[in-house]
Q: 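Once you've had a glance at the structure underneath, I'll fire off some questions.
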Amino acid sequence: MNCKSLLLAVLFLLLSGSALAGELDGPAATVENFHNKLLSVMQRAEELGYRGRYEELDPYINAGFDIPLITNVVLGRYRDQLNEAQRTDFNDLFSRSSTATYASRFDGYDGEEFLELSREPLKRGRVLIRTELRRPDGDPVSLDYLLHEKQGKWYIISVSADGVNDLSLKRAEYAAVIKEKGFNGLVKEILSKIADMETDTE
Amino acid sequence: MTNRTRPETPFSLLAVLLAAALLTGCATTETIDGEINPDPYEDTNRSMYRFNDYLDRNIMIPIAENYVKAIPEPVRDGITNFFDNLEYLNVILHSFLQGKLGQGLSDVTRFVVNSTIGLGGLIDVATDMGLEEHEEDFGQTLAVWGVDQGAYLYVPFLGPYTARNTPDEASSYFTNPFSYISTLYLLPVTFLNLLNDRANLLEASEFVEEASIDPYSFIREAYLQQRRYLIHDGNPPSEGYDDIFTEGLPDDEPKLVIE
């Protein structure tokens with residue numbers, strides 16, 4: 001490497017160093033915080049009960065996931081039919097539904113651990129973090145997180161478990177329910193699911 | 001609920017299934033909002049889903065729940081291993097047909113080890129020896145060969161399929177040694193396999209029940225994505241992960257969802 005190339009390389013590192021460090025640490029930290037909280041809740045699952053798990057997870061779901069972006073995607077073309085107040089209410093409902101699902105499903109601990117496998121930058125500044133949930137008595141489950149940065153913070157915008165993407169599932173379901181029962185019907189169905197999870201788990 | 005009978009000639013059934021796959025494959029040219037609709041037969045499929053769901057709730061789930069209560073887990077694991085091993089010849093065939101020679105040889109070793117040291121497949125000793133279990137089938141082979149997915153089909157008694165994966169019924173049948181035993185002896189064994197499979201899926205179906213607001217759409221999406229995941233051997237290309245944030249949106253809309 002000649003002097004000019006070396007100078008350019010050093011200059012590049014100096015210019016990009018802080019940004020690179022931010023990009024690598026930020027998204028991974030968001031996923032790690034979420035995993036650590038899940039593990040903590042799983043380990044104290046019985047003591048906390050459904051309500052306790054819900055209360056502990058709720059701030060992490062709201063801080064770690066970009067709910068407005070996610071609801072935009074899962075509602076698809078139907079979002080244009082909603083006014084601002086309906087969108088805000090739906091964001092809140094979606095957040096409650098997501099927290100309820102995690103609180104209901106992660107209801108015990110059997111030696112599970114989360115392991116980060118890789119980080120990969122994608123187009124438009126998004127980052128893909130592939131992780132694995134390892135279980136002593138079962139096959140590992142791959143959990144792939146897609147994240148993006150908004151106002152200096154990294155948010156999870158989609159999760160895929162063994163290749164099955166949560167946004168695609170919800171978008172397909174919501175479209176089918178809206179088509180048959182309208183938007184109010186969708187809201188009723190989601191509220192009913194949240195109530196079922198509360199009563200089934202408590 | 002797979003009540004298989006031997007066809008008159010091996011190739012007649014295969015030909016019928018391939019023809020069905022090709023015909024239903026054509027239907028995927030239907031589009032919704034500019035995107036290919038993977039489920040052009042949704043009305044019929046939903047009827048078939050309701051039919052299967054009725055039989056499942058009223059017959060299979062109660063029997064499977066009693067089976068789980070009556071048969072200890074190690075015995076059920078042995079039964080699962082036994083049938084998985086018999087069905088593994090299909091995996092071996094499709095590992096080779098997809099050009100995965102190393103994996104195919106490992107799969108042959110796995111089958112031989114489990115069939116011998118593993119007491120006819122009852123004990124999965126191969127996994128402990130580092131011989132990984134793979135999931136391959138005719139649908140994945142056709143995908144590797146460049147055949148389109150075709151229409152989504154919900155088949156009575158059998159459940160979700162893509163048109164591309166229907167020929168796997170024939171492939172699984174002809175590679176399973178039990179298919180060459182008289183049907184009379186086969187029926188109770190087929191039923192045990194079916195019951196054991198259903199018992200293994202009880203937790204998954206409870207999850208679908210709990211998590212979904214439209215189980216039909218939930219199962220379709222999960223199945224189609226799981227198929228894609230298998231075709232890529234559990235390592236789908238990274239580019240596909242953010243497709244959902246741009247697909248189907250008019251050119252001026254992405255700014256709504258991309259900060």
Q: Are any side-chain N or O atoms of Gln225(B) and backbone N or O atoms of Asn165(A), one a donor and one an acceptor, separated by less than 3.5 Å?
A: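 It does hold such a pair.
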Q: Count the heavy atoms of every other residue, nucleotide or ligand shown that sit under 6.0 Å from CD of Glu135(B), and state whether that count exceeds 12.
A: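 No, CD of Glu135(B) has 12 or fewer neighbouring heavy atoms, counting only those of other groups under 6.0 Å.
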Q: Is there a donor-acceptor contact under 3.5 Å from the side chain of Glu173(A) to the main chain of Ser217(B)?
A: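 No, because the side chain of Glu173(A) does not come within donor-acceptor range (under 3.5 Å) of the backbone of Ser217(B).
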Q: For Glu46(A), is the CD atom crowded, meaning more than 12 foreign heavy atoms sit under 6.0 Å from it?
A: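 No, not enclosed.
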Q: Please state whether the side chain, the backbone, both or neither of Phe207(B) comes within less than 4.5 Å of a heavy atom of chain A.
A: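 Both backbone and side chain of Phe207(B) come within 4.5 Å of chain A.
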Q: Heavy-atom distance under 4.5 Å to chain B: side chain of Leu122(A), backbone, both or neither?
A: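 When you check distances to chain B, only side chain atoms of Leu122(A) fall under 4.5 Å.
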Q: Has Tyr102(A) got more than 12 heavy atoms of other residues, nucleotides or ligands less than 6.0 Å from its OH?
A: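 More than 12 within 6.0 Å, yes.
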Q: Between Lys170(A), Lys181(A), Lys193(A), which is the residue that forms a side chain to side chain contact (heavy atoms under 4.5 Å, CB included) with Ile213(B)?
A: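 Only one option passes, and that is Lys193(A).
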Q: Which bit of Arg227(B) comes within less than 4.5 Å of chain A, counting heavy atoms only: side chain, backbone, both or neither?
A: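 Arg227(B) has no heavy atom closer than 4.5 Å to chain A.
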Q: With salt bridge (Lys or Arg N to Asp or Glu O under 4.0 Å) as the test, would you mind laying out the steps for Arg171(A) and Glu221(B) before giving the verdict?
A: CA-CA 9 Å; Arg171(A) 189 173 62 164; Glu221(B) 288 302 310; over 6 Å; no
Q: Within a 6.0 Å radius of atom CD on Glu116(A), are there more than 12 heavy atoms belonging to other residues, nucleotides or ligands?
A: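 More than 12 within 6.0 Å, yes.
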Q: At a 4.5 Å cut-off on heavy atoms, which part of Ile157(A) comes close to chain B: side chain, backbone, both, or neither?
A: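 Answer is both: backbone and side chain atoms of Ile157(A) are under 4.5 Å from chain B.
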Q: With side-chain contact (heavy atoms from CB on, under 4.5 Å) as the test, would you mind laying out the steps for Tyr229(B) and Asp162(A) before giving the verdict?
A: CA-CA 7 Å; Tyr229(B) 184 73; Asp162(A) 276 348; 3.5 Å; yes
Q: Can you list everything that forms a side chain to side chain contact (heavy atoms under 4.5 Å, CB included) with Glu133(B)? Sequence neighbours excluded, please.
A: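 Testing Glu133(B) for side chain to side chain contact (heavy atoms under 4.5 Å, CB included), a comparison that skips the adjacent residues, returns Asp84(B), Tyr88(B), Arg110(B).
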Q: For Leu167(A), is it the side chain, the backbone, both, or neither that has a heavy atom closer than 4.5 Å to a heavy atom of chain B?
A: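 Looking at Leu167(A), backbone and side chain both touch chain B.
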Q: Quick check: closest heavy atoms across Ala176(A) and Asp214(B), and the distance to 0.1 Å?
A: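 In terms of heavy atoms, the two residues are closest at CB-OD2, 3.2 Å.
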Q: Where does Glu189(A) contact chain B at under 4.5 Å (heavy atoms): side chain, backbone, both or neither?
A: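 For Glu189(A), heavy atoms of backbone and side chain both lie under 4.5 Å from chain B.
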Q: Mind listing the closest non-hydrogen atom pair of Pro237(B) and Arg130(A) along with its distance?
A: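 That closest heavy-atom pairing would be C-NH2, 4.5 Å.
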